[in-house]
Amino acid sequence: MTLAGLSPAGALIVRAGEPMVLRVTLARSDGTPQDLIGRTFAASFRRSRATAPFLMIEGELASDGLSIMVPIKAEVASQIYSVGATEAISYDIVELSGNASISRWSARVSVDVGPDFPTDQPPVWLDLPYSEARVLPHSIVVTERGATGLGQEDRLFLSGRIPEATTDAMDAYYTGLSEQASAPLAQAAQEARDTALIAAGRSSDAQQLAEAAAQTALFGNVYADAAAGAAATPDGEEFVAYGPEGSYATRYRMVAGVPVAQDSYPNRTALDAQAAAVQRTEQSKSADRPMHSLENATGMAVADFYEKGTVSPGLNAGGPPSPDEPYEEGISGFYTASGFRPFAFDDDGWDLPGGARMEPGPKGVQIIQRDGSVALGGSEAENLADITPICGGDLALVSDRPLPFHVPALFKVRSDDEPAIVTIASRKGLPSTGTIISASGGTILLDPAKIGAATSITIRRKGDRGSYLTRTLVSRVKQVPVTGSPPITLFVQGDSITNRQTALFIKSLLEYWGYVPSFVGTMLGEGSGSTPGVLGEGREGWALQDWLGIEQDSDWTDVVPSGGEAAYLALVNGDKLRWHPALNSDLASGSQCPIVTVGGVQYRYDFAFYLARFSLATPTCFVINLGMNDLLEKTAETSLAQVISGYTYLLDEYRRVAPTAKIVLWATDMPSSALGDANWSEWAAILAAIEKIVRDRQTAGDANIRLCSAWLHQSPEPGGWTASASAIDAATGFATATITDGVHPIGIGRDQQFEAVAAVIANFF
């Protein structure tokens, strides 16, 4: 058989802080747009797994009556982003006409970071030709056209006011009306003008009379209010009425018997008032009261002048602080448009974000951090390096080999300066001996014969003898070979790092230690020499978003259809990568993963469905390594959010299908190179997030989940990574080399990470 894929419908893309307008057009069966006058609509945003919205935005009718415009302001876009960054969300176009709410369209929302626009920037739309997208079965058709409907010339012709439906006839009609209507009004305006000139001092009454005459000449008869104008004006025509408050007059269009405001106009008095809005106000002298103020027409102060300072919306220079400010008396500062003060200053120095201060020091200006360390400038205090550690809560060894612990891989920030001393201590008890080893760099080899049930790690910053960081790890040592040939059914899932011999090495080690492992999956991982690969799901290029089906890109393009299992299994690995094997269109099957749409069909990631359709045994052990492609494909904020959300969904799904199965999450190291160091800080944040996910589930009572800190047991130094070398130097016999792949370990680097993972599995069984 042939597998034929479908193109997915696009999602609504919302970027944080970026205002936008969503145009909604409803088409009839013949493709022409419906007349939406008198109908109301709203956009409803909700979490995809929920039915109740967390946000509703009312739509506004476009001037042609054929579209609804939904304005999404910058701060609203940020609100949508804050929810969508960690959860799958969808939106619905809901018609609110009558007494019922009817959903007219539903689709998912894709969020992303946006530009740094001012948060109060409004969305803007223009009634110009636009693109309309219609979703048809299996494809998306986009047609380019402008607004349609009866033009004004058509309506004048049908009402019998012009002889033909042309713009020339319409212009002639309006010209005649203008000449007839304006003559007496212009004369009245001239008379009013003469009266105003004669009156001494141009009295207020004369000004108002002239103004009224001029308005009449411009607008025709001006009604007393909107109700009076509506009663005398047919649908489709416009009229002008005085008010409402704040406007001299407003122009309305009658739509379905209702006056709809089109524009408003100020009078001369309003303009003069605005010109005189800023006035100088005298104040009595006081430490907390301004000597002078500039106020606008509403009485709001736009600037205050004190005896020793000035305060305006963006600046406080020497004036008293706001009552809401967290700073002490005498603090000044600059403000952003949103009211945030990025830094402030007083008589002693500048306060900076995070509690730091800029002060004069013995060697010039210096920036002092909250903890007293100097971030910039000379001081007696040392600059303190970040020694934040990243380490899982478990330590797993097997009795036939030592476990390497690479000190440089422990820290969130890498440095060759070795800023801290790391000590590992463990007591096994008599007659065996314990161990205590300290190092500021390099590798510590942990002897399984000297490791007890608890092992402590302490980290002391060099030069600091007052305090240190400490953590106690649960340490386990499995005596091998084991007896009884215990069976293990493993599901090995991941990306290219997993595909490149993970299952093969785990199989070899477990068999060597006496286990009988079997593997489930639809793809063979890479083999070694004449040794074939092992079944699993190591998919090159796949991120957590790909596994859940949330994003469909070049990594995969289609879903394996029901009945297409045999044809899919017959494909080579390169072709299998393009087909998703675990998306189920039965949304009521029990999976709680996000609902995704592919080719117009809704699916969920469903592991029980995956096992059943390929007749696979339920695993007794999951071995999962994901997140690297999320890092490589997205920004730091997005990749971190995807890893946290994605792992949460996957782990919940695996616990639904296999409540007591063992779960091992693991992650690899990055090399000590320019390439590896460039990504390490972002990867370190992801590792810390994964460690917290596992720790939280253990605290909640799941004793069958562990994190293998493989990055600690795998050297970041050259030797286990792909490098490009120059020609060998004849004098020394050495060649100059640089690491060219900062993601995939090779050789001994690969051996070390697989030994650490296999040791965790062995200590589970």
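A salt bridge is absent between Lys478 and Asp400; no separation between the charged side-chain nitrogens and carboxylate oxygens falls under 4.0 Å. Using a cut-off of 4.0 Å between Lys/Arg side-chain N and Asp/Glu carboxylate O, Arg414 and Asp669 are scored as salt-bridged. With respect to the salt-bridge test (charged N to carboxylate O, under 4.0 angstrom), the residues Asp696 and Lys692 qualify. With salt bridges taken as basic N to acidic carboxylate O contacts below 4.0 Å, one links Glu537 and Arg539. Contact check on Arg604 versus Glu653 returns no salt bridge, with no Lys/Arg side-chain nitrogen under 4.0 Å from an Asp/Glu carboxylate oxygen. The residues Asp606 and Arg656 are annotated as salt-bridged, a charged nitrogen and a carboxylate oxygen being separated by less than 4.0 angstrom. Look at Lys412 and Glu691 and you find no salt bridge, because none of the NZ, NE, NH1 or NH2 atoms lies under 4.0 Å from a carboxylate O. Here Arg46 pairs with Asp92 in a salt bridge; the nearest charged N to carboxylate O distance falls below 4.0 Å.
Two rings, from Phe614 and Phe609, have their centers 6.0 Å or more apart. For His580 and Trp542, the distance between ring centers is under 6.0 angstrom.
Under the 3.5 Å distance criterion, with hydrogens and angles disregarded, a donor-acceptor pair is assigned to the side chains of Thr522 and Tyr568. Residues Arg49 and Gln592 have side chains that never bring a donor and an acceptor to within less than 3.5 angstrom of each other. Side-chain N/O atoms of Thr498 and Gln493 include no donor and acceptor closer than 3.5 Å. When only modelled atom types and interatomic distance are considered, Tyr91 and Trp105 share a side-chain donor-acceptor pair under 3.5 Å.
Here the rule is side-chain contact (heavy atoms from CB on, under 4.5 Å) with Met628, and of Ile686, Val643, Thr668 only Thr668 fits it. Applying the side-chain contact (heavy atoms from CB on, under 4.5 Å) test between Leu650 and each of Ile663, Leu665, Leu544 identifies Leu544 as the sole match. Tested against Lys634 for a side-chain hydrogen bond (donor to acceptor under 3.5 Å, both in side chains), the candidates Gln545, Glu682, Glu551 yield a single pass: Glu551.
Judged by a 6.0 Å distance limit and a 45° cone about the ring axis, Arg15 is not positioned over the six-membered ring of Tyr81.
Distance check, rounded to the nearest 0.5 Å: OG of Ser709 to CZ of Phe405 gives 8.5 Å.
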